[in-house]
Structure formats: structure tokens, C-alpha cells
Amino acid sequence: QVQLVESGGGLVQAGGSLRLACAGSGRAFTHYNMAWFRQPPGKEREFVAQIVFSGGSTDYADAVKGRFTISRDNVKNMVWLQMNNLKPEDTAVYYCAARVPDSGSYYYSRDGYNYWGQGTQVTVSS
């Protein structure tokens, strides 16, 4: 099993930056693809970014491409989401998630992820 705990959310003005962290535990952490999802107010949870188990490749939602960077350190069991040039529409609860690689599910589908963190609030003011 994998336990995930997010941190680093907060209030920031448009154009600012935040770095979210996801701390993982469990011996199998390094075997999972990791992702960030977010749930804006009044909307469904949506895909933000993913990084494969090795850290060798990443994928991003079009809305954050070029602004957000996902990274991981399998020695530290950590995943980060560096968020730059934040916009009010980035306001959401951000969740860290884990799934088994090559599981037959799409990386952008929330239903394919096996483990989730509790979420951390990001609020971007205009």
C-alpha cells in the first residue's frame, strides 16, 4: 500500500508561484506512476500532471503546460508540483495520486489511480 500526504498549498496572487509536495510512504512507492489532480470549486476533479515510476517521462494537462512542472525523488519518496505564473483558474484543491504503471488505464483518468492524498488548497487571487 501507499500513503500520500500533500503540503505546500496556500494563498498566492496571480502571477506568483507555489511548490506543492507529496510525501509517500510504503515500500512500493517507487513502482507507481504518480500524478497531480485538482478539483476547482463546483467542478469535478481533473488531471493536472503525471510522472512515470522512474521519473523518465511526464505528461501535463494543456491548461498547465509550460507553467507547472512535476518531479519526483524515489530515494526521498517525494513528488513535487512546481506551479509558476499562477492564474485564478488554478484555484482548487490539489491531490496527489498513485497508480500501477501499464495498468491499462489512461494516465489522465482519475478512476485509474489506486491511492490518493488528502488534498491541499491552492487559492490564486486576481
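Numbering starts at 1 and runs along the sequence shown.
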Answer yes or no: is there a side-chain heavy-atom contact under 4.5 Å between Tyr60 and Ile51?
no

Is there any salt bridge (charged side-chain N to carboxylate O under 4.0 Å, His left out) pair reaching into residues 66-85, and which pairs are they, with sequence neighbours excluded?
Arg67-Asp90

So among Arg110, Gln50, Met34, which one has a side chain to side chain contact (heavy atoms under 4.5 Å, CB included) with Arg99?
Gln50

Could you tell me if the side chain of Val79 sits less than 4.5 Å from the side chain of Phe29, heavy atoms only?
yes

Looking only at heavy atoms, which two atoms of Gly112 and Ser105 are closest? And how far apart?
CA-OG, 3.7 Å

What distance separates Ser71 OG from Leu81 CG, expressed to the nearest 0.5 Å?
8.5 Å

Correct closest heavy-atom pair for Asn74 and Phe53 would be ND2-O, 2.9 Å

Point-to-point distance, once rounded to the nearest 0.5 Å, from OH of Tyr94 to OG of Ser7
15.0 Å

Side-chain heavy atoms of Arg19 within contact of Trp80, under 4.5 Å
yes

Value for CD (Glu89) from CZ (Arg38), rounded to nearest 0.5 Å, stands at 8.0 Å

Looking only at heavy atoms, which two atoms of Gly119 and Val93 are closest? And how far apart?
CA-CG1, 3.9 Å

Measure up the Trp116 and Tyr95 rings against each other and bin them: parallel (under 30°), tilted (30 to 60°), perpendicular (over 60°).
perpendicular

Worked check of side chain to side chain contact (heavy atoms under 4.5 Å, CB included) between Phe47 and Tyr106:
CA-CA 11 Å; Phe47 170 77; Tyr106 292 110; over 6 Å; no

If you round to the nearest 0.5 Å, how far is CD of Gln3 from CG of Asn77?
11.5 Å

Nearest heavy atoms of Ala92 and Gln121, plus distance in Å:
O-OE1, 3.4 Å

Please tell me if the side chains of Met83 and Val124 come closer than 4.5 Å, counting only heavy atoms from C-beta onward.
no

Is Leu18 linked to Leu4 within one hydrophobic cluster, defined over Ile, Leu, Val, Met, Phe, Trp and Tyr using a side-chain heavy-atom separation of less than 4.5 Å?
yes

List the atom of Tyr32, the atom of Tyr115, and the distance in Å for their closest heavy-atom pair.
OH-CE1, 3.6 Å

Would Val2 and Met78 show up in the same hydrophobic cluster when neighbours are defined by side-chain heavy atoms closer than 4.5 Å?
no

Do you know the tightest heavy-atom contact between Val100 and Asn114?
N-OD1, 3.3 Å

What I'd like to find out is whether the side chain of Trp36 reaches to under 4.5 Å of the side chain of Leu20, using heavy atoms alone.
yes

Is there a side-chain contact between Asn33 and Pro101, using heavy atoms and a 4.5 Å cut-off?
yes

